[in-house]
Amino acid sequence: MKKLFLALCLTVSAVLGFSVCGDAPKISILGDSYSTFHGWIPKSHWAWYPRSNNANDVKKAEECWWYLTIKALNGKLEKNESWSGSTICHTGYHGKDASHNSFVTRVDQLGNPDLIFICGATNDSWANSPIGDYKWSDWTHKDLYYFRPAMAKMLFEIKKRYPDAKVFFILNDKLKSDINDSVHAICKHYNVPCIDLKDIDKQSGHPSVKGMQQMADQVVKAVRK
């Protein structure tokens with residue numbers, strides 16, 4: 001029985017890319033408002049959760065998708081590098097320069113994780129950030145104001161900086177088709193599994209308590225698949 005358990009541990013560990021037999025896997029989040037919660041992200045970052053009014057019923061960090069996911073995977077939080085309203089590329093809302101908090105700017109702030117969840121592209125879609133062309137190397141600063149090259153640069157840097165970490169991209173539902181298509185193509189290029197969220201319950205455009213549980217269930221299922 002002991003040998004069977006050890007063999008199972010080693011098999012699951014090989015699939016996930018980190019050990020499930022010893023210490024709890026360290027999990028980092030690179031995200032936007034969907035992954036924020038006051039007190040759980042860097043002090044300089046904007047948090048959308050919790051709302052002081054009745055715009056959303058999520059009131060505790062324990063109700064958030066990332067907290068539920070980490071608990072289900074028997075992991076521990078390494079870093080929650082999430083910033084409300086942030087885009088993957090350097091172009092934010094109303095065409096403003098968002099290079100200070102873009103995903104591609106923050107890729108080096110994830111600590112030393114075994115598992116990385118990137119939950120983004122929502123604001124790029126909502127802000128109508130320019131899509132640009134696919135580009136896989138030699139990115140210029142100007143390139144990063146466009147979604148496709150910025151997304152590619154982000155995943156390139158993630159894979160380079162955290163070579164031993166397993167990476168998943170979480171894609172929101174109901175985004176623009178060119179954003180969805182671009183995410184799928186770029187994730188495929190870098191061999192990063194993309195988790196397409198389905199029918200998430202939302203309040204004020206953000207996951208409710210029910211939606212957070214739905215997110216966690218879908219993410220955990222994809223990781224364990």
Listed by chain and number, what are the side chain to side chain contact (heavy atoms under 4.5 Å, CB included) partners of Asn112, not counting sequence neighbours? Lys26, Glu78

At what distance, to the nearest 0.5 angstrom, does OG of Ser28 lie from CG of Leu110? 5.0 Å

Salt bridge between Asp143 and Lys135, side-chain N to carboxylate O under 4.0 Å? yes

Determine whether a donor-acceptor pair (N or O, by modelled atom type, separation under 3.5 Å) exists between the side chain of Asn123 and the backbone of Ile88. no

Counting distance only, does the side-chain N/O of Asn80 pair as donor-acceptor with the main-chain N or O of Ser35 below 3.5 Å? yes

Can you tell me how far CG of Leu155 sits from CD1 of Ile158, rounded to the nearest 0.5 angstrom? 7.0 Å

Within the 4.5 Å heavy-atom criterion, are Phe117 and Val219 side-chain neighbours or not? yes

Kindly compute the distance separating CZ (Phe37) from SG (Cys64), expressed to the nearest 0.5 Å. 5.5 Å

Dump the intermediate steps for ring-ring contact (aromatic ring centres under 6.0 Å, His included) on Trp139 and Phe156, then the final yes or no. CA-CA 11 Å; Trp139 300 275; Phe156 173 84; 5.3 Å; yes

Among residues at least two apart in sequence or on other chains, which ones pass side chain to side chain contact (heavy atoms under 4.5 Å, CB included) with Tyr146? Pro130, Pro149

Heavy-atom side-chain contact between Ser102 and Leu144 under 4.5 Å: no

Please tell me if the side chains of Pro193 and Phe169 come closer than 4.5 Å, counting only heavy atoms from C-beta onward. no

Taking all heavy atoms of Thr36 and all of Trp83, pick out the closest pair and write down the distance. CG2-N, 3.9 Å

Other residues, nucleotides, ligands: >12 heavy atoms within 6.0 Å of Asp133 CG: no

Give the other cluster members for Leu68, using side-chain heavy-atom distances under 4.5 Å between Ile, Leu, Val, Met, Phe, Trp and Tyr residues; answer none if it is isolated. none

Which residue pairs pass the side chain to side chain donor-acceptor pair (under 3.5 Å) test with at least one member in residues 187-199, sequence neighbours excluded? His184-Asp196

Check: His90 ring centroid to His141 ring centroid under 6.0 Å: yes

Run the numbers on Ile179 and Phe147 for side-chain contact (heavy atoms from CB on, under 4.5 Å), then give the verdict. CA-CA 8 Å; Ile179 290 288; Phe147 179 75; 3.9 Å; yes

Side-chain heavy atoms of Ile29 within contact of Ile27, under 4.5 Å: yes

Strictly distance-based, threshold 3.5 Å: is any side-chain N or O of Ser125 a donor or acceptor partner for the main-chain N or O of Lys176? yes

Is there a side-chain contact between Tyr134 and Ile186 in this structure, where contact means two heavy atoms from C-beta onward sitting under 4.5 Å apart? yes

In this structure, CG of Leu115 is separated from CG of Leu73 (nearest 0.5 Å) by 6.5 Å

Pairs touching residues 208-223 that satisfy side chain to side chain donor-acceptor pair (under 3.5 Å), sequence neighbours left out: Asp201-Ser208, Gln213-Asp217

Kindly indicate, with the supporting measurements, whether the criterion side-chain hydrogen bond (donor to acceptor under 3.5 Å, both in side chains) is fulfilled by Lys202 and Asn172. CA-CA 11 Å; Lys202 298 171 185 174; Asn172 196 9; 3.0 Å; yes

Under 3.5 Å, side chain of Asp114 to main-chain N/O of Lys166, donor-acceptor pair present? no

For the backbone of Gly31 and the side chain of Arg106, can you confirm whether one donor and one acceptor N or O come within less than 3.5 Å of each other? yes

Under 3.5 Å side-chain donor-acceptor pair for Tyr145 and Asp97: yes

Distance in Å, Ile41 CD1 paired with Lys79 NZ, rounded so as to fall on 0.5 Å steps: 10.5 Å

Any donor-acceptor pair under 3.5 Å from Ser129 side chain to Thr91 backbone: yes

More than 12 non-hydrogen atoms from neighbouring residues, nucleotides or ligands closer than 6.0 Å to NZ on Lys96, yes or no? no

Answer yes or no: is there a side-chain heavy-atom contact under 4.5 Å between Leu171 and Ile195? no

Is there a donor-acceptor pair under 3.5 Å between the side chain of Thr87 and the backbone N or O of Cys89? yes

Which heavy atom in Ala61 sits nearest to a heavy atom in Tyr67, and how many Å separate them? O-CB, 3.2 Å

Hey, does the side chain of Thr105 reach the backbone of Asn101 with a donor-acceptor pair shorter than 3.5 angstrom? no

Pair listing, side chain to side chain donor-acceptor pair (under 3.5 Å) test, anchored in residues 40-56, at least two apart: His45-Glu81

For Pro113 and Tyr162, which heavy atoms make the closest approach, and how far apart are they? CD-CD2, 3.7 Å

If you round to the nearest 0.5 Å, how far is OH of Tyr34 from OG of Ser84? 10.5 Å

Backbone N or O of Leu30 within a donor-acceptor pair of the Ser82 side chain at under 3.5 Å? no

Tell me whether Gln203 contacts the main-chain N or O of Asp57 through its side chain, where contact means a donor paired with an acceptor under 3.5 Å. yes

Compare every heavy atom of Ser86 with every heavy atom of Phe103, then report the nearest pair and how far apart it is. CE1-OG, 3.2 Å

Tell me whether Glu157 is salt-bridged to Lys153, with the criterion being a basic N under 4.0 Å from an acidic carboxylate O. yes

Verdict with supporting geometry, Ile118 and Val167, side-chain contact (heavy atoms from CB on, under 4.5 Å): CA-CA 8 Å; Ile118 307 169; Val167 183; 3.8 Å; yes

Determine, step by step, whether Ile200 and Leu197 satisfy the side-chain contact (heavy atoms from CB on, under 4.5 Å) criterion, reporting the C-alpha distance in whole Å, the side-chain angles of both residues, the deciding distance to 0.1 Å, and the verdict. CA-CA 7 Å; Ile200 301 301; Leu197 299 179; 3.9 Å; yes

